[in-house]
**Q** 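Before we start, here is the structure in question, set down as structure tokens.
Here the structure is a predicted model, which is why all the values come from computation and not from measurement.
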Amino acid sequence: MREYPPPEAIRTLYTPAAIAARVGELAHAIANDYAGRSPILVAILKGSFVFASDLARALPLPLRIEFLGVRSYGSGTVSTGAVQITQDLTHPIENQDILIVEDIVDTGLTLAYILGLIQARGARSVRVCALLDKPSRRRVEVPVDYVGFSVGDAFVVGYGLDCAEQYRNLPALCELLQVPDSP
Ligand code: 5GP
């Protein structure tokens with residue numbers, strides 16, 4: 001059987017232990033800032049599902065979890081700039097404190113769209129927690145309040161992030177070196 005993932009296709013950037021340590025630090029900062037409040041975590045699907053589940057379990061706060069499905073890329077690795085809602089929130093968010101949980105902020109186009117949507121629905125406050133930030137690729141300015149790791153221009157997979165729906169299940173954050181074959 002072929003090794004999965006093929007070792008020549010990916011390079012580890014952050015190990016599961018490094019990710020867990022950073023998630024703990026983020027949770028500590030968020031718990032301090034939200035002391036006495038009950039935020040709603042809005043996890044952006046699909047890419048943030050692993051991060052959001054670890055972050056939520058590290059937060060000693062009464063909180064609710066909602067999912068917002070967006071599609072910003074086709075099946076490749078290049079931004080189209082177009083954002084499509086694939087799954088909407090299940091409850092109103094008027095007068096609520098919202099913490100958006102994103103996998104990665106790249107050009108900022110997706111987050112700018114999501115922020116507009118959350119604000120238009122009357123949230124009391126909105127903050128953003130992104131596992132990864134690619135500041136050098138920003139095309140629109142967006143506020144990112146909590147960042148796990150800043151990365152360069154690499155295309156990152158694993159820990160929820162995909163390439164053409166592959167590699168979301170890798171426990172580490174990895175740089176993609178070769179685009180995967182279809183399964
Ligand atoms: P933006 O709109 O900021 O350019 O892109 C945001 C979305 O594009 C992310 O939520 C993510 O789904 C996808 N994306 C951007 N960079 C990467 C990357 O390096 N790896 C993966 N897997 N997705 C990315």
Side-chain angles (χ1 to χ4, degrees), residues 2-31 41-59 65 67-80 83 86-87 99-115 127-140 142-183:
R2 258 185 93 202
E3 198 177 339
Y4 182 85
E8 69 280 9
I10 55 153
R11 181 174 73 90
T12 300
L13 296 174
Y14 297 102
T15 61
I19 299 168
R22 189 70 189 117
V23 169
E25 289 170 357
L26 290 172
H28 187 73
I30 293 167
L41 263 55
V42 175
I44 310 303
L45 296 177
K46 298 178 188 172
S48 81
F49 83 103
V50 178
F51 176 46
S53 71
D54 282 346
L55 184 68
R57 284 177 292 172
L59 280 172
I65 302 185
F67 298 101
L68 183 68
V70 302
R71 196 181 352 241
S72 49
Y73 283 3
S75 55
T77 60
V78 183
S79 176
T80 61
V83 180
T86 56
Q87 182 181 317
L99 181 64
I100 295 172
V101 181
E102 229 331 358
D103 56 352
I104 182 163
V105 184
D106 184 23
T107 64
L109 291 166
T110 307
L111 183 57
Y113 178 88
I114 293 167
L115 283 166
R127 286 191 176 189
V128 177
C129 177
L131 174 66
L132 296 166
D133 188 14
K134 283 187 188 170
S136 65
R137 300 209 359 125
R138 205 68 97 247
R139 281 169 54 191
V140 289
V142 279
V144 186
D145 303 278
Y146 309 95
V147 174
F149 304 102
S150 271
V151 290
D153 212 351
F155 193 82
V156 184
V157 295
Y159 196 67
L161 287 87
D162 77 315
C163 177
E165 297 299 329
Q166 293 286 297
Y167 296 146
R168 290 195 198 277
N169 56 325
L170 304 185
L173 281 163
C174 303
E175 176 178 1
L176 183 74
L177 304 175
Q178 285 175 14
V179 175
D181 298 331
S182 305

**Q** Before you tell me yes or no, could you show the steps for Y146 and E25 under side-chain contact (heavy atoms from CB on, under 4.5 Å), namely the whole-Å CA-CA distance, both residues' side-chain angles and the distance that decides it to 0.1 Å?
**A** CA-CA 10 Å; Y146 309 95; E25 289 170 357; over 6 Å; no
**Q** Run the side-chain contact (heavy atoms from CB on, under 4.5 Å) test on E102 and T110 for me, step by step, so that the C-alpha distance in whole Å, both residues' side-chain angles and the decisive distance to 0.1 Å come before the verdict.
**A** CA-CA 10 Å; E102 229 331 358; T110 307; 4.0 Å; yes
**Q** Find out whether V156 and L176 are in side-chain contact, i.e. whether some heavy atom of one side chain is under 4.5 Å from a heavy atom of the other.
**A**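 Answer no - side chains too far apart.
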**Q** How long is the gap from CG on L68 to OG1 on T86, to the nearest 0.5 Å?
**A** 7.5 Å
**Q** Looking at T15 and A18, would you say the former's side chain and the latter's main chain have a donor-acceptor pair under 3.5 Å?
**A** yes
**Q** Using 30° and 60° as the class boundaries, would you call the ring planes of Y14 and F149 parallel, tilted or perpendicular?
**A**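 Parallel: the ring planes of Y14 and F149 meet at under 30°.
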**Q** For residues C129 and I30, determine if any side-chain heavy atom of one lies less than 4.5 Å from a side-chain heavy atom of the other.
**A**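 C129 vs I30: side chains touch.
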**Q** With the side chain counted from C-beta on, respond yes when L13 and C174 share a heavy-atom pair under 4.5 Å apart, and no when they do not.
**A**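 A side-chain contact is absent here, since even the closest heavy-atom pair is not under 4.5 Å.
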**Q** Would you say the side-chain atoms of D103 and Y159 include a donor-acceptor pair closer than 3.5 Å?
**A** no
**Q** Walk me through whether L170 and T12 qualify under side-chain contact (heavy atoms from CB on, under 4.5 Å).
**A** CA-CA 10 Å; L170 304 185; T12 300; over 6 Å; no
**Q** Is there a side-chain contact between L26 and L131, using heavy atoms and a 4.5 Å cut-off?
**A**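 They are not in side-chain contact.
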**Q** In terms of side-chain geometry, is the basic nitrogen of R138 or D106 positioned less than 4.0 Å from the acidic oxygen of its partner?
**A** no
**Q** Give the minimum heavy-atom separation between R22 and G148, together with the two atoms involved.
**A**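 Heavy atoms of R22 and G148 come nearest at NE-O, 2.7 Å.
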**Q** Is the shortest distance from a Lys or Arg side-chain nitrogen in R137 or D153 to a carboxylate oxygen in the other one below 4.0 Å?
**A**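 D153 and R137: salt-bridged.
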**Q** Can you give me the closest heavy-atom contact between V142 and G108, atom names plus distance?
**A**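 Of all heavy-atom pairs spanning V142 and G108, the closest is CG1-O, 3.7 Å.
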**Q** Would you check if F67 and Q87 make a side-chain contact, meaning some heavy-atom pair closer than 4.5 Å?
**A**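 Yes; the side chains approach each other to less than 4.5 Å.
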**Q** Starting from the C-alpha separation in whole Å, work towards a yes-or-no answer on side-chain contact (heavy atoms from CB on, under 4.5 Å) for K46 and R71.
**A** CA-CA 8 Å; K46 298 178 188 172; R71 196 181 352 241; over 6 Å; no
**Q** Would you give the length of the straight line joining atom CD1 of I104 to atom CG of L111, rounded to the nearest 0.5 angstrom?
**A** 12.0 Å
**Q** Looking at every heavy atom in both V151 and P135, which two are closest together, and how far apart are they?
**A**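 It is O-CD, 4.0 Å.
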**Q** Would you check if V101 and I44 make a side-chain contact, meaning some heavy-atom pair closer than 4.5 Å?
**A** no
**Q** Over all heavy atoms of both residues, which pair between V83 and L109 is shortest? Give the atoms and the distance, please.
**A**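 Scanning both residues completely, I find the closest heavy atoms to be CG2-O, 4.3 Å.
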**Q** For the CG atom of L161 and the CZ atom of F49, what is their distance to the nearest 0.5 Å?
**A** 9.5 Å
**Q** Specify the closest pair of heavy atoms between C163 and P180, including all atoms of both residues, with the distance to one decimal.
**A** SG-CD, 3.7 Å
**Q** Are the side chain of S53 and the backbone N or O of V50 linked by a donor-acceptor pair below 3.5 Å?
**A** yes
**Q** Does any N or O in the side chain of R168 come within less than 3.5 Å of the main-chain N or O of V157, such that one atom is a donor and the other an acceptor?
**A**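 Such a contact is absent between R168 side chain and V157 backbone.
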